*Asks:* 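Take this structure first; my questions come after.
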Amino acid sequence: QVQLVESGGGLVQPGGSRGLSCAASGRIFSINHMGWYRQAPGKQRELVATITTGGSTTYADSVKGRFTISTDNAKNTVHLQMNGLKPEDTAVYYCKVRAQSSGLGYYNDYWGQGTQVTVSS
């Protein structure tokens, strides 16, 4: 009942920039936080950045100073601006939303389908 649509992936040169977007729709009463995770070939999925609806953010040490997460709460949309991209940033990036479908319901995690970001010359 909750759908996440991601966009913005693609091929980027080292040192370049790329912006990712994720829009959540469906039966949503409230959102606790939204975030981005990534998974590189042969590696486990890792947290990249999260942001609460109140604006509190967390970042992986590997992306601090280069990536910025932001939201448009009215549109249930989260963005990830990636600057100074490195080859090690190459991965499938997944959007995640923790949301309630009602005021008395549990929070559930919803995941996007993933979008490929490749950093290569």
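Quick caveat, the model's predicted, so the values are computed rather than measured.
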*Asks:* If you count every heavy atom of other residues, nucleotides or ligands that lies below 6.0 Å from Glu88 atom CD, does the total exceed 12?
*Replies:* yes

*Asks:* Can you measure from CH2 (Trp36) to OH (Tyr59) and round to the nearest 0.5 angstrom?
*Replies:* 13.0 Å

*Asks:* Could you give all pairs that pass the ring pair (Phe, Tyr, Trp, His ring centres under 6.0 Å) test and reach residues 62-93, with sequence neighbours left out?
*Replies:*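 Listed by first then second residue: nothing to list.
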
*Asks:* Please report the shortest heavy-atom distance between Ala49 and Leu80, naming the atom on each side.
*Replies:*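 Heavy-atom minimum between the residues: CB-CD1, 4.3 Å.
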
*Asks:* Atom OG1 in Thr53, atom CE in Met34: separation rounded to 0.5 Å?
*Replies:* 10.5 Å

*Asks:* Can you list the residues that meet the side-chain contact (heavy atoms from CB on, under 4.5 Å) rule with Lys43, with sequence neighbours excluded?
*Replies:* Ala40

*Asks:* Run the side-chain contact (heavy atoms from CB on, under 4.5 Å) test against Asn76 and tell me which residues pass, sequence neighbours left out.
*Replies:*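 Once residues adjacent in sequence are excluded, the partners of Asn76 under the side-chain contact (heavy atoms from CB on, under 4.5 Å) criterion are Ala24, Ile28, Ile31.
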
*Asks:* Test side chain to side chain contact (heavy atoms under 4.5 Å, CB included) on Arg38 and Glu46 and set out the steps.
*Replies:* CA-CA 6 Å; Arg38 68 186 182 186; Glu46 65 175 350; 2.8 Å; yes

*Asks:* Using the test side-chain hydrogen bond (donor to acceptor under 3.5 Å, both in side chains), find all partners of Thr68 that sit at least two apart in sequence or belong to another chain.
*Replies:*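 Partners of Thr68 by the side-chain hydrogen bond (donor to acceptor under 3.5 Å, both in side chains) criterion come out as none, since no residue qualifies.
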
*Asks:* Can a donor-acceptor pair be found, under 3.5 Å and without considering hydrogens, that links the side chain of Gln39 to the backbone of Val92?
*Replies:* no

*Asks:* What salt bridge (charged side-chain N to carboxylate O under 4.0 Å, His left out) pairs are there with at least one residue in residues 5-30, not counting sequence neighbours?
*Replies:*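 Every pair satisfying salt bridge (charged side-chain N to carboxylate O under 4.0 Å, His left out) with a residue in residues 5-30: there are none.
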
*Asks:* Once side-chain hydrogen bond (donor to acceptor under 3.5 Å, both in side chains) is applied, do any residues pair with Gln81, and if so which ones, sequence neighbours excluded?
*Replies:* Asn83

*Asks:* At what distance, to the nearest 0.5 angstrom, does CD1 of Ile69 lie from CD1 of Ile51?
*Replies:* 5.5 Å

*Asks:* How far apart are the closest heavy atoms of Gly84 and Ser17, and which atoms are they?
*Replies:* N-OG, 4.4 Å

*Asks:* Among all residues two or more places apart in sequence or in another chain, which pass the ring pair (Phe, Tyr, Trp, His ring centres under 6.0 Å) test with Tyr37?
*Replies:* Trp111

*Asks:* Applying the side chain to side chain contact (heavy atoms under 4.5 Å, CB included) criterion to Val117, which one of Leu20, Asp89, Thr90, Leu11 satisfies it?
*Replies:*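 In the set Leu20, Asp89, Thr90, Leu11, the residue that makes a side chain to side chain contact (heavy atoms under 4.5 Å, CB included) with Val117 is Leu20.
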
*Asks:* Examine the side chains of Thr50 and Thr58 and answer whether a donor and an acceptor come within less than 3.5 Å of each other.
*Replies:* yes

*Asks:* Using the disulfide (SG to SG under 2.5 Å) rule, collect all pairs that involve residues 49-84, keeping only residues at least two apart or in two chains.
*Replies:* none

*Asks:* Rounded at 0.5 Å granularity, tell me how far CG in Leu47 sits from OG in Ser62.
*Replies:* 9.5 Å

*Asks:* Are Val63 and Val119 in one and the same hydrophobic cluster, where Ile, Leu, Val, Met, Phe, Trp and Tyr link if side-chain heavy atoms are under 4.5 Å apart?
*Replies:* yes

*Asks:* With sequence neighbours left out, which residue pairs that include part of residues 8-118 fulfil the disulfide (SG to SG under 2.5 Å) condition?
*Replies:*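 As it turns out, the disulfide (SG to SG under 2.5 Å) pairs with a partner in residues 8-118, which skip direct neighbours, are Cys22-Cys95.
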
*Asks:* Mind checking what makes side-chain contact (heavy atoms from CB on, under 4.5 Å) contact with Ser56, not counting sequence neighbours?
*Replies:*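 So Ser56 forms a side-chain contact (heavy atoms from CB on, under 4.5 Å) with Thr52.
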
*Asks:* How many angstroms lie between CG in Leu4 and OG1 in Thr77, if you round to the nearest 0.5 Å?
*Replies:* 10.0 Å

*Asks:* For Gln3, check side-chain contact (heavy atoms from CB on, under 4.5 Å) against everything at least two apart and list the hits.
*Replies:*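 Here the qualifying residues are Ser25.
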
*Asks:* Is there any disulfide (SG to SG under 2.5 Å) pair reaching into residues 31-91, and which pairs are they, with sequence neighbours excluded?
*Replies:* none

*Asks:* Taking Asn32 for its side chain and Arg98 for its backbone only, find out whether a donor-acceptor pair lies under 3.5 Å.
*Replies:* no

*Asks:* Using the rule that Ile, Leu, Val, Met, Phe, Trp and Tyr join whenever any side-chain heavy atoms are under 4.5 Å apart, tell me whether Val12 and Tyr94 fall into a single cluster.
*Replies:* no

